[in-house]
Every structure is written in C-alpha cells, then in structure tokens.
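No hydrogens, no waters, no symmetry mates; every other heavy atom, side chains included, goes into these values. Order of appearance sets the numbers: ligands from 1, and atoms from 1 within every ligand.
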Amino acid sequence: MIRPTLSFLTPYPALKQLYTLLNEPPFSTRFVGGCVRDSLLNREVTDVDMATTALPTAVLERLQNHGIKTLKHGLEHGTVTAVLENKQPIEITTLRKDIKTDGRHAVVAFTEEWAVDAARRDFTMNALYADDTGKIYDPLGTGITDAQQGIVRFIGDPEARIKEDALRILRYFRFLPVYHHGENPVEEDALTACEKLAPMIARLSGERIQQEMLKLLAMPRPLPALRLMQQTGVLDYVLDKAVVPDLSDTSLLAKLQKTAHPHSPMMVHLWALLGGSEQAIERITRRWKLPRSLSRYLYVLYDTYPLEIALQDAPTRWRLMDAHDYTTLYDIITLYCAAHTLGDTPLHKTLLEEAFNSRLLKFPLSGKDLKAIGITEGIAIGEALRAARQAWVESGFTLGREALLEGDY
Ligand code: ATP
Ligand code: MG
C-alpha cells in the first residue's frame, strides 16, 4: 500500500479539521487530484481539492453549522468551496458522473461510487484519492504507476474525452512538460486528438482558458509546452490569433527561461508570450477575461519596456524605484536583463539588490511638516510635496528632511 506523507496537512490544522468534519459517518471524504498526485511524487502542493459522498446540501449544512465560510458558485456541478482562516479556498466536490456534455458544460448526476467519479476525471494520475493518513486509493488501477513512471494518460479515448470538454486539451499541455518523463513517448493518439479538435477551444469561456494558461505560465519552463501547442495549432486558438509568438531559441521567452526567477515568473512569461504588443495585451485581456489587476500590470510592464529604458542609468532607476514596489521592480529588471542577455550576471544581481533595498526608502516629509513652516493651503501643500519628492528622487534619495524643508533644490 502506498502511504506518502500528506505534507500539506501539517501546517494547516483547519484543513485537517475540515476533513474530519466531512468524513464523519454516514459520509466518506477523501483528498483528490493534484494534491494527492503531487504528494505521491514529492512535489510541492499548491491547492487542495476534496471529493465526498455527501450531497452538496449536506456539505453546506455541515460547514455552515461549524461557522466555516462557504462559496457556492460551483454548486450546479456539485462543488462547494470552503474558505479557511488562511483564505485558502478548498473545493469539495460530490462524487459525480457527467451524463451530458457539449464540449463546455456538463449535466451531472451524483453517485456514491469512487470508481465512477474517477472515470469522469481527465488523466489517470489525477484520479487518485487519499485519506488523512496518506493512504492512496486508485480506483482505476493505473494512476499510481502512470504518475510514478511519468505518463500523462487520458482516461479512456482522448478524442472522446476532449469532445466532452475541450479544456482537457489545455490541461494536457499543461501537465505534459511537468509530469511526462522524456523517455516515455507522448501518446500519438492524444496529440492527434488535440490537433484535430483544437478549433473547439474557440468555444471555451475566457475564465477557463485563463485559469489553465496562467498555471502553465507560472511554471519555470513553459516553453516546451508552448512549442507543442504551437506545432499542433492549439496556440492559435488560445491566443485568438492576436499574436504569433516567438518561441525560438533566441526569443525573450527562451532567454527568460535561462534566468533564475525565485518569484513567480507568471506575468513576465505572459508578457513575453504576447510579444510586448499593446494590441495583444488588449485582446488577451478581453478573450481570457483577465482580472483588471493583471491587465493593468501588463501595461505597467509595457510602459517600462526594457528595450526603451536604460537601467544602467541611475536617475532612471531611481524614478522606477519611487514608482513601483519590489515585486514589480523585480519583474522589470528580470525582463530588462533577459532582453539584453544580462540574465544572472553581476549587474543583474546588483540591480536586484538595489531594488530590494529600496523597500526601506521612506520619503522624509509629510503635509504636517509643511504646515509647520507656514504652508497652509491644500493645493500649495500638494504642489510643494510633489516638488520635494521629485528633488528627493533626483538626489538618489540622499536629500534629508532639513534640506527638503529649506526648499533649496
Ligand atoms: P493543480 O495542482 O495544478 O491544481 P489539479 O490536477 O489539482 O492540478 P485542478 O484544476 O485543481 O487540477 O482540478 C482538480 C481535479 O479535478 C483534477 O486533478 C482532475 O481530477 C479534475 N479535473 C479538473 N478539470 C477537469 C476537466 N476539465 N476534466 C476532467 N477532470 C478534471
Ligand atoms: Mg488542484
């Protein structure tokens, strides 16, 4: 029997309590999907999903009785989301069978059989379940070995499964580079089915495309998956022909992949995929229904496009340090260094260090200080503060409070 440590349980007593609560008779509940697969493979677990024999109404009742916050947007498909104290959303889905599918939506029927629930999932390694002791259940029988041997295998006939839900094409390419080992040939019929049915992607909702693509772009090395998507014609439909990305060995994406990026590289990868084109940003924002915050961030990167600004120029860096937080500076510097083939050089390191230290910079004046020296009108205070701040930035943050108050700049 395989019993890996479910390391994701240890730091979250609330998660263990949630499991216990939902596993009390007459219901039976197990962890499912990525968290089990990744525990088995000793990979970091990013999100936790659960499967349960309890009907959604019963799940809701138990959670609400225990004061656990719930979200109900997936109720129609049997999913209740529990929001734990650390704000981590846990999706709890009742065992189900998809009885009618049209490539996008499914009509579902609930079941009490784990094997029936397993069969409606996408890949064998994603149809694994575990209890809180780490015991793994593999109702289809090949999930554990496929995961361990590195074979991303559709459950059933790839073409039939993609016709039920075209999102599985994107999921296939997202899992392949991470979970498929080089020595195993990629199944021809799966690739052929993805290529043949790629036009179905056009009918998928923006939110679903966004979710899978952002997970793919958050990987340190998304290029192999993207290239395969380009070769099979899938990428055309994902990008809505807004852009034909450069995925060559000399592309920005290839250079970024060679640069260490301890923070999430998701946004710089997306930016590079879109080729830094304003039109592409606009169209993908609409097609993928990107949240405003992400879309705005792409425009920030656009405004500081690394080929247009000279990061070797100190005053330019000071202005950026004043305008952006460390995460943004990190991405700007990473893009700049990759674009100029300076990734992981001493200059790259120095720039990052300087940006990191800039977190501690604090503009030494406030409106109060100006009032104290007799500037009382609101607009005048605003203007004086702006001018003082500009002088402070231009001095490389060296002008102190006294000098700024004297206004001798
Ligand atoms: P990750 O670690 O990236 O979250 P995951 O496998 O957990 O990977 P999720 O999107 O969280 O992916 O989905 C949870 C589980 O739900 C999957 O493991 C799979 O069993 C099932 N699933 C998700 N999307 C589909 C789909 N389109 N078709 C069939 N099963 C799916
Ligand atoms: Mg998951």
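Ligand 1 places these atoms under 4.0 Å from at least one heavy atom of Arg120: 29 (C). In the vicinity of Gly33, heavy-atom distances shorter than 4.0 Å reach the ligand 1 atoms 18 (O). Which parts of ligand 1 touch Asp165 is read off a 4.0 Å heavy-atom cut-off, strictly below it: atoms 26 (C), 27 (N). Close contacts of ligand 1 with Phe175, meaning ligand atoms under 4.0 Å from a residue heavy atom, involve 6 (O), 8 (O).
Remark: Arg171 fails to qualify as a cation-pi partner of Phe175 under the 6.0 Å distance and 45° angle criteria applied to the six-membered ring. Both tests hold for Arg43 against Tyr179: distance to the six-membered ring centre under 6.0 Å, angle to the ring axis within 45°. Cation-pi contact between Arg96 and Phe110: absent, since separation from the ring centre below 6.0 Å together with deviation from the ring axis within 45° is not met.
Ligand 1 lies out of reach of Gln211, whose nearest heavy atom is not under 4.0 Å from it. Ligand 1 does not have Phe123 within reach: every non-hydrogen atom of the residue lies 4.0 Å or more from it. Residue contacts with ligand 1 include Arg174, since one or more of its heavy atoms lies under 4.0 Å from the ligand.
At least one N/O-N/O distance between Asn126 and ligand 1 falls below 3.5 Å.
Considering only residues two or more places apart in sequence or on other chains, Ala147 meets the side-chain contact (heavy atoms from CB on, under 4.5 Å) condition with Leu40, Leu41, Met125. Remark: Gln211 pairs with no residue by the side-chain contact (heavy atoms from CB on, under 4.5 Å) rule, at least two apart or across chains.
Taken from CZ in Arg287 to OH in Tyr237, the straight-line distance is 12.0 Å, to the nearest 0.5 Å. Taken to the nearest 0.5 Å, the CG atom of Leu95 stands 6.5 Å off from the OG1 atom of Thr111.
Of the protein's heavy atoms, Asp49 OD2, 3.4 Å lies nearest to atom 14 (C) of ligand 1.
Taking only non-hydrogen atoms, the option from Gly34, Ala106, Ala218, Ala118 nearest to atom 5 (P) of ligand 1 is Gly34. Nearest-heavy-atom check against atom 22 (N) of ligand 1 across Glu91, Arg171, Arg43, Met125 picks out Arg171. In this structure, of Asp47, Thr79, Asp122, Leu216, the residue bringing a heavy atom nearest to atom 29 (C) of ligand 1 is Asp122.
Taking backbone and side chain together, Glu91 holds no N, O or S atom under 2.8 Å from the Mg ion (ligand 2).
In this pair, Tyr330 and His263 present their aromatic rings perpendicular. The plane angle is above 60°, beyond the 30 to 60° band.
Atom OD1 is the N/O/S atom of Asp47 found closest to the Mg ion (ligand 2).
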